[in-house]
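As the structure is a computational prediction, the values presented were derived from the model and not from experiment. Each ligand, and each atom within it, is numbered from 1 in the order the structure gives. Counting begins at 1 with the first residue of the sequence.
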Amino acid sequence: MVAEIYLSSQVKSLGAVKMPESVHAYWKGIDDVTTAYYMGSEGCFTLVINPGKSNAIEWEKLRKNGAGVLSKLPKSAREIRIVNVDWDAQKALAFAEGMVLADYRFDKYITKGDKLSPISLVLEGKGSDKLAELIVVCDAVKTARNWVNEPVNALNAQGLGEAFQALGQSLGFKVEVFGEAQIESLKMGGLLAVNRGSQEPPTFSVLEYKPANAKNQQPIVLVGKGVVFDTGGLSLKPTPNSMDMMKCDMGGAAVVGAVFEAIAKLQWPIWVVGLVPSTDNRPGEMATCPGDIITMYDGTTVEVLNTDAEGRLILADALTFAKKYEPQLVIDYATLTGAAARALGTYGSALMAQAPESVVKSLKRAGENTYERLAELPLWEEYYEEITGGIADLKNLGKGEGGAQSAAMFLRHFTNYPWAHIDIAGTAFSTSPSHYTPKGGTGVGVRLTLEFLKQYING
Ligand code: BES
Ligand code: MN
Ligand code: ZN
């Protein structure tokens with residue numbers, strides 16, 4: 001069955017639209033802002049009246065609206081025709097985006113019952129020329145969600161590297177995955193220290209998409225935390241609760257891989273490098289002990305006071321590796337600190353940056369437009385003082401208060417280029433479904449980054 005959805009600013013505008021007379025008559029009496037449904041022998045029709053402005057707040061309402069309409073449609077309606085009567089392109093696309101993002105189920109492990117096929121969408125009117133791109137972007141979000149939702153017994157560090165390799169092969173970008181031996185010979189001490197308690201080898205994935213028509217002379221490097229499971233290591237997380245959702249600790253890595261999927265499919269003229277250090281973090285006979293001093297990839301020594309502050313250790317080596325690209329900008333994505341989650345809840349991610357104001361502004365704007373919002377936290381030098389002054393160059397632990405910032409200052413130590421750090425600890429994983437965001441992996445960071453890169457390409 002084809003479900004038809006009309007997007008209009010007022011009922012009056014429907015006059016010129018072709019639809020069954022009975023449906024038209026049914027809706028004629030409506031004059032308020034509303035969503036109205038008509039089910040009859042003629043088919044399934046939905047009317048969405050929205051006379052509102054076209055701005056970021058309204059787009060988010062429309063995404064939720066789109067998700068709400070999808071949940072009301074009969075399950076047999078998998079083909080959907082959206083007729084944009086008189087909205088502007090962005091409003092119609094936001095509505096469609098909400099529908100497409102809501103159309104997600106992680107059901108590959110469900111063995112019983114019928115599985116719903118995905119919806120197929122047609123958009124007529126303004127915005128129709130952008131629908132294909134929108135679907136690529138939403139598919140990338142779902143790729144990120146899928147990776148996050150995979151438990152560690154299905155997706156370990158090696159599996160993540162292989163998933164990137166498969167993606168690169170099918171979409172035509174370069175992927176190299178360093179194994180344990182290579183990581184050892186590079187002396188990536190942070191990644192190796194976190195991996196010591198593990199039964200499985202670490203990986204370090206290097207993705208590169210470099211089209212001939214790239215607008216940038218120096219690459220944009222995206223770094224993602226790829227901790228496929230975080231038990232805390234010997235500084236074990238207390239159960240129940242705090243360990244329960246730690247398969248999401250590669251949410252940053254998922255963002256990086258998914259962004260590559262989209263830009264390669266869309267063939268955007270931009271040179272991007274992706275770096276993903278990956279391992280699980282477990283206790284084990286050989287596990288790093290609290291107090292151990294390790295030597296990082298760049299030679300910095302670090303006193304590991306808490307093995308649960310592992311993200312910064314593996315990211316630091318990746319940030320050092322990024323230096324060799326002389327990058328224009330490095331953005332890292334990491335489920336790094338509970339402090340970021342406590343500060344912002346699930347409503348936004350924490351941004352900490354040492355980059356030109358224009359970059360920060362553009363990231364924040366992308367955050368508003370996609371509603372994957374960013375709140376900036378300061379990189380004050382006092383946070384750096386918290387992680388120095390021990391018996392090695394750095395400590396991997398600052399004070400509990402301001403923990404997102406001291407973690408960021410640890411990372412900053414390993415940068416020498418414009419850099420933005422996005423802590424997605426509160427946003428990468430959701431414990432209950434809401435509107436177009438399912439329970440589990442959210443894919444937050446993917447739409448944000450693609451919007452940012454789009455702004456970058458367009459000027
Ligand atoms: N992966 C966690 C952070 C996290 C917390 C992600 C909640 C998602 C949801 C990280 O490795 C961690 O354990 N951070 C510690 C650091 C502390 C020991 C300095 C934290 O935030 O408690
Ligand atoms: Mn941890
Ligand atoms: Zn972690």
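- Using a cut-off of 4.0 Å between Lys/Arg side-chain N and Asp/Glu carboxylate O, Glu133 and Lys454 are scored as salt-bridged.
- Using modelled atom types and a 3.5 Å distance limit, the side chains of Glu310 and Asn396 yield no donor-acceptor pair.
- No donor-acceptor contact under 3.5 angstrom links the side chains of Asp393 and Thr300, judged on distance only.
- Between the side chain of Tyr209 and the main chain of Gly172, no donor-acceptor pair closer than 3.5 Å is present.
- In the candidate list Ile424, Leu397, Ile314, Leu397 is nearest to atom 17 (C) of ligand 1, counting heavy atoms.
- Distances from the Mn ion (ligand 2) to each N, O or S atom of Asp230 single out OD2 as the nearest.
- The atom of Asp230 nearest to the Zn ion (ligand 3) is OD2, with the search restricted to N, O or S atoms.
- In this comparison of Val194, Val227, Thr307, Thr335, the heavy atom closest to atom 6 (C) of ligand 1 sits on Thr335.
- Using bins of under 30°, 30° to 60° and over 60° for the plane-to-plane angle, the ring pair Tyr384/His413 lands in the parallel bin.
- When the Zn ion (ligand 3) is compared with the N/O/S atoms of Glu310, atom OE2 turns out nearest.
- In Asp249, the N, O or S atom that comes nearest to the Zn ion (ligand 3) is OD2.
- Of all the heavy atoms of Asp230, the ones lying under 4.0 Å from any atom of ligand 1 belong exclusively to the side chain.
- Near Met246, meaning under 4.0 Å from one of its heavy atoms, ligand 1 places the atoms 1 (N), 4 (C), 5 (C), 6 (C), 7 (C), 8 (C), 9 (C).
- Looking at Arg365 and Glu451, no side-chain N of the basic residue comes within less than 4.0 Å of a carboxylate O on the acidic one, giving no salt bridge.
- For ligand 1, the polar-atom distance check finds no N/O of Asn306 at less than 3.5 Å from any of the ligand's N/O atoms.
- Ligand-side atoms of ligand 1 in range of Met245: 9 (C), range being under 4.0 angstrom from any heavy atom.
- Using a distance-only test at 3.5 Å, with no hydrogens or angles considered, a donor-acceptor pair links the side chain of Thr307 to the main chain of Gly232.
- The aromatic rings of Trp380 and Tyr383 lie parallel to each other, with less than 30° between the two planes, well short of the 60° mark.
- Between the Zn ion (ligand 3) and Asp308 there is no N/O/S contact shorter than 2.8 Å.
- Residue contacts with ligand 1 include Arg312, since one of its heavy atoms falls under 4.0 Å from the ligand.
- Contact atoms of ligand 1 toward Glu310: 11 (O) (distance under 4.0 Å to a heavy atom of the residue).
- Residues Tyr456 and Gln328 have side chains that bring a donor and an acceptor to within less than 3.5 angstrom of each other.
- Closest to atom 22 (O) of ligand 1 among all protein heavy atoms lies Gly338 N, 4.4 Å.
- For the Zn ion (ligand 3), the N/O/S atoms of Leu336 include none lying under 2.8 Å.
- Contact atoms of ligand 1 toward Ala425: 6 (C), 8 (C), 9 (C) (distance under 4.0 Å to a heavy atom of the residue).
- Contacts between Lys399 and ligand 1, counted as non-hydrogen atom pairs separated by less than 4.0 Å, are absent for every part of the residue.
- For Asn195 (side chain) and Ser198 (main-chain N/O), no donor-acceptor pair under 3.5 Å exists by modelled atom type.
- Against a heavy-atom cut-off of under 4.0 Å, Lys225 is close to the following atoms of ligand 1: 1 (N), 10 (C), 11 (O).
- Ring pair Trp147/Phe164 is perpendicular by interplanar angle, where above 60° counts as perpendicular and below 30° as parallel.
- A donor and an acceptor atom, one from each side chain of Asn65 and Tyr436, are nowhere located under 3.5 Å apart.
- Checked for salt-bridge contact, Lys364 and Glu376 meet the test: a charged N lies under 4.0 Å from a carboxylate O.
- Here the protein heavy atom with the shortest distance to atom 15 (C) of ligand 1 is Asp308 O, 4.1 Å.
- Note on Glu310: its N/O/S atom closest to the Mn ion (ligand 2) is OE1.
- Nearest non-hydrogen protein atom to atom 10 (C) of ligand 1 is Leu336 O, 3.2 Å.
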